[in-house]
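Report on the following structure.
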Amino acid sequence: MMDILSWVCLALGSFLGIVGGIGILRFPDFYTRLHAVGITDTLCAGLFLLGLAFQAGLTIASFKLFLIFVFIFFTSPTASHSLANAAMLGGLKPKLSNDDTTDSSKLGDQ
């Protein structure tokens, strides 16, 4: 049973890592890309570490994995917030509309 739970957590963590990677490639600007990765990386790492803890059982290794999770749980959102704040202070504006499509408010101008 522990092997099944472990592999489910590892598979879900892998899936979320892939989804975060796709988000980096597909989203249009820095802020949406940061949001995609900022959300998925903490949960992805948490699921990986939980799967590894199921494999380790109740040992010192699982305690170390828990400490790694606590570290990631606090540092990853803090790093994402710091990057977004630095980008905003640096003058990077979010993309508010898609430049490739025709905006309905511009139709009257033509």
Side-chain angles (χ1 to χ4, degrees):
M1 187 65 178
M2 287 296 188
D3 283 338
I4 294 172
L5 284 175
S6 173
W7 283 107
V8 166
C9 288
L10 292 172
L12 285 174
S14 299
F15 175 73
L16 283 174
I18 291 169
V19 167
I22 292 171
I24 289 174
L25 295 174
R26 298 288 299 177
F27 285 145
D29 68 340
F30 174 78
Y31 296 105
T32 54
R33 291 175 182 169
L34 183 66
H35 179 73
V37 175
I39 296 296
T40 59
D41 70 343
T42 305
L43 188 56
C44 175
L47 285 171
F48 274 135
L49 294 172
L50 183 63
L52 293 174
F54 281 142
Q55 287 288 325
L58 290 174
T59 62
I60 192 73
S62 61
F63 178 70
K64 290 177 183 179
L65 290 170
F66 174 73
L67 290 178
I68 293 169
F69 172 72
V70 169
F71 177 75
I72 289 173
F73 183 75
F74 286 110
T75 57
S76 181
T78 304
S80 295
H81 174 74
S82 297
L83 282 170
N85 191 26
M88 188 63 75
L89 291 175
L92 184 63
K93 300 292 181 195
K95 187 174 183 180
L96 298 177
S97 67
N98 192 355
D99 295 334
D100 297 332
T101 61
T102 304
D103 190 6
S104 61
S105 64
K106 295 180 183 177
L107 290 176
D109 296 337
Q110 295 176 347

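- With sequence neighbours left out, Thr75 forms a side-chain hydrogen bond (donor to acceptor under 3.5 Å, both in side chains) with no residue at all.
- In this structure, the side chain of Ser62 does not engage the main chain of Leu58 through any donor-acceptor pair within 3.5 Å.
- In this structure, CG in Asp29 is found 12.5 Å from NZ in Lys93, a value given to the nearest 0.5 Å.
- Taking CG of Leu49 as the start and CG of Leu10 as the end, the distance is 9.5 Å to the nearest 0.5 Å.
- Judged purely by atom type and a 3.5 angstrom limit, Ser6 has no side-chain atom pairing as donor or acceptor with the backbone of Met2.
- Here the closest heavy-atom approach between residue Ser80 and residue Gly38 is recorded as OG-CA, 3.7 Å.
- Residues Ser76 and Asp41 approach most closely at OG-OD2, 2.8 Å, considering heavy atoms.
- Hydrophobic clustering (ILVMFWY, side-chain heavy atoms < 4.5 Å, transitive): Leu52 and Ile4 are in distinct clusters.
- Counting all heavy atoms, side chain and backbone alike, Asp3 lies closest to Gln55 at OD1-NE2, 3.2 Å.
- Of all the heavy atoms in Pro28 and Arg33, the pair that sits closest is O-NH2, 4.1 Å.
- Around atom CG of Leu25, more than 12 heavy atoms belonging to other residues, nucleotides or ligands sit under 6.0 Å away.
- Side chains of Phe71 and Ile68 form no contact here, defined as non-hydrogen atoms less than 4.5 Å apart.
- Interatomic distance, Thr40 OG1 to Ile18 CD1, rounded to the nearest 0.5 Å: 11.0 Å.
- Summarising the geometry, atom CH2 belonging to Trp7 is positioned 13.0 Å from atom CG belonging to Leu12; distances are rounded to the nearest 0.5 Å.
- Of all heavy-atom pairs between Gly13 and Phe48, the closest is C-CZ, 3.9 Å.
- Looking at Asn85 and Ser82, their side chains never bring a donor and an acceptor atom within 3.5 Å of each other.
- Placement of Val70 and Ile72 within a single hydrophobic cluster is found when ILVMFWY residues are connected by side-chain heavy-atom separations under 4.5 Å, directly or transitively.
- The hydrophobic clustering, which links ILVMFWY residues whose side-chain heavy atoms are closer than 4.5 Å, places Val19 and Leu34 apart.
- In this structure Leu92 satisfies the side chain to side chain contact (heavy atoms under 4.5 Å, CB included) test together with Phe30, Tyr31, Ala87, sequence neighbours excluded.
- The minimum heavy-atom distance linking Thr42 with Pro77 is given by the pair OG1-CD, 4.1 Å.
- Residue Phe74 is grouped with residue Phe66 when hydrophobic side chains (ILVMFWY) are merged at heavy-atom distances under 4.5 angstrom, including chains of intermediate members.
- Cluster annotation: Leu50 is connected to Leu5 through the hydrophobic network of ILVMFWY side chains, with a link wherever side-chain heavy atoms come within less than 4.5 Å.
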